[in-house]
A.B. asks: 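Would you mind keeping the following structure in view while I ask a few things?
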Number of protein chains: 2
Amino acid sequence: MTTVLVVDDDPQIVRALRISLTAHGYRVLTAADGASALRAADDHPDVVVLDLGLPDLDGLDVITGLRRATTAPIVVLSARLDSADKVRALDAGADDYVTKPFGMEEFLARLRAAVRRSTRRRAGADEPLVRAASFTVDLTAKKIHRDGTEVHLTPTEWGLLEVLVRAGGEVLSPSRLLAEVWGPNHTSATHYLRVYLVQLRRKLEPDPAHPRHLVTEPGRGYRFQP
Amino acid sequence: MTTVLVVDDDPQIVRALRISLTAHGYRVLTAADGASALRAADDHPDVVVLDLGLPDLDGLDVITGLRRATTAPIVVLSARLDSADKVRALDAGADDYVTKPFGMEEFLARLRAAVRRSTRRRAGADEPLVRAASFTVDLTAKKIHRDGTEVHLTPTEWGLLEVLVRAGGEVLSPSRLLAEVWGPNHTSATHYLRVYLVQLRRKLEPDPAHPRHLVTEPGRGYRFQP
DNA sequence: GCGGACCGTCAAGACCGCGTAAAGGACCGG
DNA sequence: CCGGTCCTTTACGCGGTCTTGACGGTCCGC
């Protein structure tokens, strides 16, 4: 679950944000001033929503202080429209700046965008990882693993496998596959496909003669079965 | 140098952005429609500035298309004030949304924030000293140490190594490496790379014939393995 | 049962990317 | 002007990869 630290001294806004955020599945921590905000940073929130008009500390100092404690994205809320304030806040380490009054939908979308970017590396890095019974395909790292060891694929082999995997189980016609891997001018060389399907099966399938994942659909094409 | 891809069909805006961005030390690529924007994504911009009102493709499709090709942050420019548009764009994969007309200072600050966020991980905070098993790279002092003694690198050798090290293990394509080290006009002289890779390996690798740190990814490029 | 279309398999040769050595040439400081 | 460093360019061998051809098998319609 994603944890949001809301820092604002206005109980009205805190309450409104808590309701909306909780309703959207977030876990909510709150702080009413800068000092407690910096303390709350130790609880490792995934994202911080920060009002700049706090009673005890200057807003910019809160940002730099938070930056020392955490790499979580900071979305600043502020009533000030002055663009110089925005520039200072962003350069101090904030990730986005929303002026009050704000629309809740837009605010939530900006929050999602901030969280998405900060988690793409660690969580998202291994999300496009497709599993089959006997091997796994890492689409970003372009690597295949089987029985714990890495399997080496040639560029063309990889190109073919990638197209099949990205299709997500859909049957792809020979001409479609050829166009994707070899370019639109090789759509009649269906023999290539057979050769490379054999090689892929030999490298990936437990029993290459009876493929379970790289399946032939006679007369229609090929399909990847996760 | 940070590379910005500016996508807009209005020559006025492109021109204004190019001037401002260049003056602030960015390298600027431009595209006037969605199709060429997707093509330009292969040049690995560090950040994309995208106008949503393009003549050929729907803005959201451009965002999702870019997201397939690159993880660079996307800052959307749009004349539409409707918050529903913002929500859609942000949820499609955009990182920030600026409405026209916009203040250049604020825009630049948002751009800096977007770039900072996406490069924070590899900047490695305050440890610009990268260790490999057989040598260490000091990125600030521009020095290499191996077995306690300093290794001398020529400027070009250093440039190449620096780009590889800063990429933090990511595979870099030949064209990308050439553009970074020799400038964007030498992207086809792939032979340079082989020559300099040999020299770097001879100076740094324990067994230059079987490199452990400066690794070739056949068909895709080169990678630094710490 | 028979022929043809489609598919799987194997292997040989062409081709291309990569690594390596080394020569030519620009540039610079003495 | 000279020696050195560094960049560029040429040449070549090797190994992996792609392409191509041949052949056997299976399924289906006739």
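Just so it is clear: chains get the letters A, B, ... in the order the sequence lines come, proteins before strands, and each one is counted from 1.
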A.B. asks: Answer with base, sugar-phosphate or nothing: what part of the nucleic acid does B/Thr190 contact at a heavy-atom distance below 4.0 Å?
C.D. replies: nothing
A.B. asks: Counting N and O atoms only, with roles assigned by atom type, does the side chain of A/Arg201 sit under 3.5 Å from a partner on the main chain of A/Pro211, one being a donor and the other an acceptor?
C.D. replies: no
A.B. asks: Please check if atom CD in B/Gln12 has more than 12 non-hydrogen atoms from other residues, nucleotides or ligands closer than 6.0 Å.
C.D. replies: no
A.B. asks: Would you kindly give the CZ-to-P distance between A/Arg194 and D/dG24, to the nearest whole Å?
C.D. replies: 16 Å
A.B. asks: Check the distance between D/dC7's C1' and B/Leu153's CG and give it to me in whole angstrom.
C.D. replies: 15 Å
A.B. asks: Could you check whether atom CZ of A/Arg176 has more than 12 heavy atoms from other residues, nucleotides or ligands sitting under 6.0 Å from it?
C.D. replies: no
A.B. asks: Does a salt bridge link B/Glu217 with A/Lys142, judged by any charged N lying under 4.0 Å from a carboxylate O?
C.D. replies: no
A.B. asks: Show your reasoning for whether salt bridge (Lys or Arg N to Asp or Glu O under 4.0 Å) applies to A/Asp95 and A/Arg110.
C.D. replies: CA-CA 10 Å; A/Asp95 293 277; A/Arg110 286 187 179 273; over 6 Å; no
A.B. asks: Along DNA chain C, 5' to 3', what are the outermost nucleotides having an atom less than 4.0 Å from a heavy atom of chain B?
C.D. replies: C/dC18 to C/dA21
A.B. asks: Just to be sure I understand the rule, does B/His152 reach a base, reach only the sugar-phosphate, or reach nothing, if contact means heavy atoms closer than 4.0 Å?
C.D. replies: sugar-phosphate
A.B. asks: Return whichever of A/Arg201 or B/Thr216 has its heavy-atom-nearest nucleotide of DNA chain C closer to the 5' end.
C.D. replies: A/Arg201
A.B. asks: Between A/Gly219 and A/Gln199, just flag the one whose closest nucleotide in DNA chain C comes earlier from the 5' side.
C.D. replies: A/Gly219
A.B. asks: Flag the pair B/Asp8 and B/Arg15 as a salt bridge only when some basic side-chain nitrogen lies within less than 4.0 angstrom of an acidic carboxylate oxygen.
C.D. replies: no
A.B. asks: Hey, which sits more toward the 5' end of DNA chain D by its nearest nucleotide, A/Ala189 or B/Tyr196?
C.D. replies: B/Tyr196
A.B. asks: Both B/His191 and B/Thr154 contact DNA chain D. Which one's nearest nucleotide lies toward the 5' end?
C.D. replies: B/Thr154
A.B. asks: What is the nucleic acid contact for A/Trp182, judged by heavy atoms within less than 4.0 Å: base, sugar-phosphate only, or nothing?
C.D. replies: sugar-phosphate
A.B. asks: Salt bridge (Lys or Arg N to Asp or Glu O under 4.0 Å) for B/Lys100 and B/Asp51? Distances and angles first, verdict last.
C.D. replies: CA-CA 10 Å; B/Lys100 302 189 213 177; B/Asp51 178 77; 2.7 Å; yes
A.B. asks: When all nucleic acid strands are considered with a 4.0 Å heavy-atom cut-off, which category describes A/Arg220: base, sugar-phosphate, or nothing?
C.D. replies: nothing
A.B. asks: Between B/Leu160 (CG) and D/dT8 (P), how many Å, whole number?
C.D. replies: 12 Å
A.B. asks: Return yes if some donor-acceptor pair links the side-chain N/O of A/Thr149 with the main-chain N/O of A/Arg146 below 3.5 Å, else return no.
C.D. replies: yes
A.B. asks: Give me the ring orientation class for A/Phe135 and A/His213: parallel if the planes are under 30° apart, tilted from 30 to 60°, perpendicular past 60°.
C.D. replies: perpendicular
A.B. asks: Return the angle between end axes of the helix from C/dG1-D/dC30 to C/dG30-D/dC1, with five pairs used per end and rounding to 10°.
C.D. replies: 20°
A.B. asks: CD of A/Glu157 versus P of D/dC18: gap in Å, rounded?
C.D. replies: 7 Å
